[in-house]
Amino acid sequence: MKLSKQPDPTGHFGPYGGSFVPETLVAPLQELTRAYEHARRDKRFRQEFAYYLREYCGRPTPLYLAERMTRELGGPKIYFKREDLLHTGAHKINNTIGQILLAKRMGKRRIIAETGAGQHGVATATVAAMFGMECVVYMGEVDMARQALNVYRMRLLGADVRPVAAGQKTLKEAINEAMRDWVTNIRTTHYILGSVLGAHPYPMMVRDFQSVIGREARQQILRKEKRLPSALVACVGGGSNSIGLFYAFLRDQHVRMIGVEGGGRGIKPGDHAARFQKGGSLGVLQGTRTFVLQDENGQIMLTHSVSAGLDYAAIGPEHSYLRDLKRIEYSYATDSEALEAFQFCSRIEGIIPALESAHAVAYVMKHAKKLRGTIIVNISGRGDKDVMQVAELIQL
Ligand SMILES: *Cc1c(COP(=O)(O)O)cnc(C)c1O
């Protein structure tokens, strides 16, 4: 199995992925694929990418031994990959840096993006500001109200945040609106997609940009432990921080990989965002074929997670493929387990994780006794953005 040679030239990961888009987007996506294939082979592009990751974002991020958590849980030796220490507070900037460099190379001067919780919008507005490009971010009206601080942050950074009033007024509708803009302004505009989702080449390209996480972690653990870890654990929204950590280890057969989805209030229709649990089945959503939470008629189900970054009906197509191959295992953590992990990690390590990342920590807390050896948990982001929300749920 050539696990690390996916996707095929048409963007398929086995039966998943591909490109399901209106006719008007076919040529632009092909142009983007060609430009990316060219860039990834260009040493100057790779050096420029590495330069900004280092000088602007703060890479490499530490691989930190969580000593007290290790002792407290009495199971495996636990390391944290500290993506929370990056500029703007999460892994998302790895991808937005890569894509804006590509946009620049393609001669595009206008950037658009969609955002749910606002984290990807902030990471996009940040790099657009740094490169002096015009930036428009589409965001559902409901999300704008919930994430007012991030809306203000994007505006401070000079982005034009446009409210989307259709449907549920959240992420899915914002993506549709961004696609519409892209079709209309294709000559001047690059669409920076925020996770390993959408049509080819996005799932491949975003994975490649995020795979710096695992390349670093692999070197760091070999230096510290002189051996590979027994397991890797990461939360899975669209799937970019997890595949970013896992990718460099795919061929290391003895390294277990565990993706943790948002279990919400429990696995009942409309109450969760775990695409590989009950309610998830093969479908097509927003450009790609993959596991989707939908009813028997193919209607997209409502989803719920306490963590906005995990609250989406589809999972990246490469995850569906690696699950079929049994290379990655998938589990979930519920809202209340994640909230408990959020507090536990804060108190015991002095690290307030993003609610998304708290799902990965929750998995480790729950299964510590069954895990062995050394594990790496991806702390995909910091929890500052979530503090107000948690304060309403938990009285201290
Ligand atoms: C957006 C986000 C996620 C979920 O997205 P993935 O593409 O699955 O990584 C996870 N953690 C943080 C901190 C995020 O901002």
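We're numbering straight along the sequence, starting at 1. We count ligands from 1, going down the list as the structure has it; atoms in each ligand are counted the same way.
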shortest atom 6 (P) of ligand 1-to-protein heavy-atom contact is with S240 N, 3.3 Å

Got an N/O contact under 3.5 Å between S380 and ligand 1?
yes

Enumerated ligand 1 atoms positioned under 4.0 Å from heavy atoms of G239
6 (P), 7 (O), 8 (O)

Atom 10 (C) of ligand 1: of Q119, E356, E261, the nearest heavy atom sits on E356

Mind checking whether S242 has an N or O less than 3.5 Å away from an N or O of ligand 1?
no

Identify the closest protein heavy atom to atom 4 (C) of ligand 1: which residue and atom is it, and at what distance?
G309 O, 3.4 Å

Below 3.5 angstrom, do we get any N/O pair linking G237 and ligand 1?
yes

Should we say atom CD of Q47 is surrounded by more than 12 heavy atoms from elsewhere, each under 6.0 Å from it?
yes

When D311 is tested against each of V306, T303, T170 for side chain to side chain contact (heavy atoms under 4.5 Å, CB included), which residue passes?
T303

Checking contacts here: is it the side chain or the backbone of E83 that comes within 4.0 Å of ligand 1, counting heavy atoms only? Could be both or neither.
neither

Show the numbers, then the answer: is there a salt bridge (Lys or Arg N to Asp or Glu O under 4.0 Å) between E37 and R34?
CA-CA 5 Å; E37 291 290 358; R34 272 195 303 275; over 6 Å; no

Examine the side chains of K81 and T61 and answer whether a donor and an acceptor come within less than 3.5 Å of each other.
yes

Any atoms of ligand 1 less than 4.0 Å from a non-hydrogen atom of A354? List them with their elements.
13 (C)

Show which atoms of ligand 1 fall inside a sub-4.0 Å distance from at least one heavy-atom site of N241.
6 (P), 8 (O), 9 (O), 10 (C)

How are the rings of F13 and Y321 set relative to one another: parallel (under 30°), tilted (30 to 60°) or perpendicular (over 60°)?
tilted

More than 12 heavy atoms from other groups under 6.0 Å of CD on E55:
yes

At a 4.0 Å cut-off, with the gap strictly under it, does some heavy atom of H120 reach an atom of ligand 1?
no

Does a side chain donor of either N176 or Q286 reach within less than 3.5 Å of an acceptor in the other side chain?
yes

Can you confirm if the aromatic rings of H87 and Y56 lie within a centre distance of less than 6.0 Å?
yes

C235: heavy atom below 4.0 Å from ligand 1, yes or no?
yes

If you count the atoms of ligand 1 from 1 in the order shown, which ones are under 4.0 Å from a heavy atom of G381?
13 (C)

Check each atom of ligand 1 against the heavy atoms of H91 and keep those under 4.0 Å away; list them by number with element.
2 (C), 3 (C), 9 (O), 10 (C), 11 (N), 12 (C), 14 (C)

Crowding at CG, L102 (>12 non-hydrogen neighbours, <6.0 Å):
yes

Are any of the N/O atoms on G238, whether in the backbone or the side chain, positioned under 3.5 angstrom from an N/O atom of ligand 1?
yes

Under 4.0 Å, heavy-atom basis, I'd like to know which part of K92 is in contact with ligand 1: side chain, backbone, both or neither.
side chain

Within a reach of under 6.0 Å around CD of Q168, are more than 12 heavy atoms found that belong to other residues, nucleotides or ligands?
yes

